[in-house]
4 protein chains.
Amino acid sequence: MAADSGSAGDYGTSDMQRNADESIADFASHLRALEETLSPAQEAPPRIPRQARSREKRDEILKAAARLFVRDGYAQTTSDTIAAEAGVSVGTFYNYFRNKRQALLTLVIERLDGIFSNIRLAQMDFSDGHPREVIRRAIGAMLERGNSGLRRAWLEVMAQEPELQPYQQMLRQYVLVRIEDALRKAEARGETWPELDISATALAIFTLLDTISLRTDTGIDDERLADALTDMVYRSTFPQG
Amino acid sequence: MAADSGSAGDYGTSDMQRNADESIADFASHLRALEETLSPAQEAPPRIPRQARSREKRDEILKAAARLFVRDGYAQTTSDTIAAEAGVSVGTFYNYFRNKRQALLTLVIERLDGIFSNIRLAQMDFSDGHPREVIRRAIGAMLERGNSGLRRAWLEVMAQEPELQPYQQMLRQYVLVRIEDALRKAEARGETWPELDISATALAIFTLLDTISLRTDTGIDDERLADALTDMVYRSTFPQG
Amino acid sequence: MAADSGSAGDYGTSDMQRNADESIADFASHLRALEETLSPAQEAPPRIPRQARSREKRDEILKAAARLFVRDGYAQTTSDTIAAEAGVSVGTFYNYFRNKRQALLTLVIERLDGIFSNIRLAQMDFSDGHPREVIRRAIGAMLERGNSGLRRAWLEVMAQEPELQPYQQMLRQYVLVRIEDALRKAEARGETWPELDISATALAIFTLLDTISLRTDTGIDDERLADALTDMVYRSTFPQG
Amino acid sequence: MAADSGSAGDYGTSDMQRNADESIADFASHLRALEETLSPAQEAPPRIPRQARSREKRDEILKAAARLFVRDGYAQTTSDTIAAEAGVSVGTFYNYFRNKRQALLTLVIERLDGIFSNIRLAQMDFSDGHPREVIRRAIGAMLERGNSGLRRAWLEVMAQEPELQPYQQMLRQYVLVRIEDALRKAEARGETWPELDISATALAIFTLLDTISLRTDTGIDDERLADALTDMVYRSTFPQG
DNA sequence: CATGAATGAGAGTTCATTCAT
DNA sequence: CATGAATGAACTCTCATTCAT
């Protein structure tokens, strides 16, 4: 299915490489943007650990929390349980995190790229003439990262705490706007279907991939899935696919 | 369950219809069994009342519960609130429903087709030669049903109670298989893209539409959205769209 | 010590009576004013009891709370303890009161006259020519009411919850202003010491009596104490006492 | 501490003085015993350190504690906060003081005369013929000392721990008895109002001044307040003021 | 002695569910 | 059947105090 190579020569690889590097840098900066977006929701933790052992314990607690949030969901996970799972007392949990919500927020911020793998979509740039590959790469990257469980927990908190919803909106807008941009540029170059409804298509693409990345077991191999999704996005945007 | 019949056949559609209806009925009966399992009959289980006045009261309660589940989510809705919203006492609520969960299950069972509007996708039949219209109609139907709020509540309970998940799987499989079937037939007729990965594509279509129908406000008009989605599904399946 | 009688006639008694009646009416209106002052701090209780038994239970809980607040102080009294003392469960306590603070506020409002016996001072009217008796009566009334324990609890909450302090200030101002008024009128009639510092004296009188009424056991009989206080207030305000 | 001397009886004053000083010393030693009783020596009790650096640190902590007790009250001040305010760790706090209460007790003992400024009242001696000035001076001295905040904290602990109440009684009695003494002597010289109820009047004077010295902001200038209080005490005791 | 992480009893509060009236 | 008061387990979070480093 994948057809890459290209018309021009041998330095294709180094080109790819350069693109990948840039892409990683891009990705990092996108992440930082998202982090900025989220941090206002994050109050200072009660204790900033100074000793090395302390950092480890904090990480233990975070890992324990992550396990439970993923397994049982946010609401079903109690502070007592997290503490027990981490092998510490409740007091200790509250030494490191102001409250349960902050623990989740911390997790989300620290694992942004795993959780919001959809920002990969924000990086798509169709200007180099190989849109199919661009799409394929973004989708592949999205599917391989695995922290969708935490995103489910994040969505759960948001449902309960309306103050957080703006943040979700912002994250979403961030990606959405970038997809629209990429599409609009391709449209300007006359590459897309005529009369393509850019906003609606961007929304559809975003929704599709955002949700698919939350999948647990689809019964379908990730590679095949990525290929099918790529075709879908590609064909629905660029004619003569 | 599957009844395919053949390419021509004027009763194809009504067949499809019957099948979908049957399937919903099946699903409902499973859910009812589940209800029994999850809320084991103790002493006198609340039954559907015969007298008109009682039925009305029960319906009032259900409507109130639905409003609140949709507005605030399942966990955030308390039995007290439901009773208050319905203008009855908590006791009365518990006279009609064994517990909060049963009230939601009842709602889900009674409004199955509104909630699981994705069942409409199971009815797509591309054999009449106008696949784009078929897709458009299914999508239009999905988007216009309004009970996505209750489905969100249903998903919320499921997250908490793993025993329910098989039922979600069941419904999902039902629709998926039907989409695959339709695609396979179209493929047999040589209408689809060559080498189309049927299962993966069906999954993608299902996921996309299933999620989109949960939307609250996308900022995009439903008609436009339906058109864009139709294009997406159509172009990614049938070439030369 | 008391010397009343008067220049004129036999209907002195009925005069007294009328004054007492007026005084009670006055007192009630003062109380209402204080209640108005406090009520903004009071949120609606979670459940307004309708059944008679319910009112009784509410009263039981209030009495139990009062006992414990007086005996152990506000902070040392837990909701569990109150419930236990009242012979109910915690849940029941929270059915009647939104929280511990509201229970105290309710008590305070319902027993305003016992707790803020100092409003008696707000009623003093020296215009009838018998200031000593007026003072004596106010002080006597202050000392005989007994809920100073609850006022101590009230002061305790206020120390902890700055939002309530305005209310204390208002109660205080209410009485203070009225004492000043009475003094100022007497001054206008030339009855007071020349160059009397009205505000400071009012403050001193208020403070003295306010605090004395918080006494538990002074070792001195209430009548004697009232007489001594009367002398003190009278002599420090009106010359040639 | 106040040196008045006067026309009559040259050692009278110094006697009073000695008594007051002794009494304070007594009180202090009682408090120290109390400290022992309340915080029973376990293993190595924190003692007053000898080395200069340690003394300074201890003083820093005490000052920090004082600031916070005054500003926020005893209960609202946590050991963590005290440590932070003093720029040390909690551990260090507990190296110098057995517990929070002991820190307050220590403060009280070390600042007895500032806190219990009402002891000044015990030193009043009307025998030199200028009672008004004597009163004025005592009141002035009371009002100018600023540690009433700590006394409020002390009263707070006492409310929680009944074992401490005898000590409060002790100090109170000491001052009361001395005021009564002074009044009785003046009465013997025929200077007071006839039939003055000495005990009750002493109690009233004590209560008034004791409480007024706890004031925070009365809205009235201290000098004016002192003058008004002086008038009040003077006129209610000595006729023809 | 200094540090600060760890502890855990305990406090306030909520809410699904029961049951006497 | 309707009512709504009663229940208590469960949950989140605080803070005085200890103790290993």
Side-chain angles (χ1 to χ4, degrees), chain A residues 46-51 53-58 75-83 87-101, chain B residues 42-44 46 49 51 53-54 57-58 75-84 88-101, chain C residues 46-51 53-58 75-83 87-101, chain D residues 42-44 46 49 51 53-54 57 75-84 88-101 103:
Chain A
R47 175 170 294 169
I48 296 117
R50 306 199 181 155
Q51 302 177 4
R53 249 199 23 222
S54 197
R55 276 211 78 84
E56 283 166 30
K57 187 148 290 178
R58 199 189 90 116
Q76 300 285 321
T77 302
T78 74
S79 26
D80 268 331
T81 328
I82 297 176
V88 299
S89 66
V90 220
T92 300
F93 173 79
Y94 280 96
N95 273 343
Y96 289 99
F97 306 98
R98 213 169 268 290
N99 48 45
K100 220 175 82 177
R101 193 180 79 180
Chain B
Q42 298 155 353
E43 300 148 27
Q51 297 175 17
R53 275 247 309 278
S54 275
K57 190 161 287 186
R58 202 187 88 114
Q76 302 282 328
T77 301
T78 73
S79 24
D80 266 334
T81 331
I82 297 175
V88 299
S89 67
V90 222
T92 301
F93 173 80
Y94 278 92
N95 277 338
Y96 287 101
F97 306 96
R98 251 193 288 280
N99 49 42
K100 218 175 86 178
R101 192 181 54 199
Chain C
R47 174 169 295 168
I48 296 114
R50 307 198 180 156
Q51 302 176 5
R53 247 199 24 221
S54 196
R55 277 211 78 83
E56 283 166 29
K57 187 148 291 180
R58 200 189 90 115
Q76 301 285 321
T77 302
T78 73
S79 25
D80 269 330
T81 328
I82 297 175
V88 298
S89 67
V90 221
T92 300
F93 173 79
Y94 279 95
N95 272 344
Y96 289 98
F97 306 99
R98 211 169 268 289
N99 49 43
K100 220 177 83 179
R101 193 180 78 180
Chain D
Q42 296 156 352
E43 299 148 29
Q51 297 176 16
R53 277 247 308 276
S54 273
K57 188 160 290 182
Q76 302 284 326
T77 301
T78 73
S79 25
D80 265 335
T81 332
I82 297 175
V88 299
S89 66
V90 223
T92 300
F93 173 80
Y94 278 91
N95 277 338
Y96 287 101
F97 306 97
R98 252 192 288 278
N99 48 43
K100 218 175 84 177
R101 193 181 54 199

Separation of [X] atom [atom1] from [N] atom [atom2], in whole Å?
X	N	atom1	atom2	answer
A:Asn95	E:dG8	CG	P	13 Å
C:Ile82	F:dT7	CD1	P	15 Å
D:Tyr96	E:dT3	OH	C1'	13 Å
B:Arg98	E:dT18	CZ	P	11 Å
C:Glu56	F:dA5	CD	P	13 Å
A:Phe97	F:dT14	CZ	C1'	17 Å

Between [N] and [X], is there an OP1 or OP2 to side-chain N/O distance shorter than 4.0 Å?
X	N	answer
B:Lys57	F:dC1	no
D:Tyr94	E:dT3	no
C:Thr92	F:dT7	yes

*asked:* Please compare D:Phe93 and B:Gln76 by the position of their nearest nucleotide in DNA chain E and report the one closer to 5'.
replied: D:Phe93

*With DNA chain E as reference, determine whether C:Lys100 or D:Val90 sits nearer its 5' end, using the nearest nucleotide of each.*
D:Val90

*Approximate separation, where rounding is to 0.5 Å, of A:Arg58 CZ and A:Asn95 CG*: 13.0 Å

*Separation between CZ of C:Arg101 and CZ of C:Arg98, rounded to the nearest 0.5 Å*: 11.0 Å

*Between E:dT13, F:dC1, E:dT17, spot the one nearest the side chain of C:Ser79, thanks.*
E:dT13

*asked:* Starting the side chain at C-beta, find the nucleotide from F:dT7, F:dC1, E:dG8 nearest to C:Ser89.
replied: F:dT7

*Closest nucleotide of DNA chain F for A:Ala75 versus for C:Val88: which of these residues is on the 5' side?*
C:Val88

*asked:* Between C:Lys100 and C:Thr77 (side chain of the first, backbone of the second, donor and acceptor by atom type, cut-off under 3.5 Å), is there such a pair?
replied: yes

*Using the test ring pair (Phe, Tyr, Trp, His ring centres under 6.0 Å), find all partners of C:Phe93 that sit at least two apart in sequence or belong to another chain.*
C:Phe97

Identify whether any heavy atom of [X] sits under 4.0 Å from a base atom; if not, whether one sits that close to sugar-phosphate; answer base, sugar-phosphate or nothing.
X	result
A:Asp80	base
D:Thr78	sugar-phosphate
A:Thr77	sugar-phosphate

_Pairing string, 5' to 3', for DNA chain E - Watson-Crick or wobble contacts under 3.5 Å, brackets [ ] where pairs cross, | to another strand_ = .||||||||||||||||||||

*Check side-chain contact (heavy atoms from CB on, under 4.5 Å) between B:Ser89 and all other residues, then give those that pass, not counting sequence neighbours.*
B:Thr92

_Closest contact, heavy atoms only, B:Ala83 versus B:Val90_ = CB-N, 3.6 Å

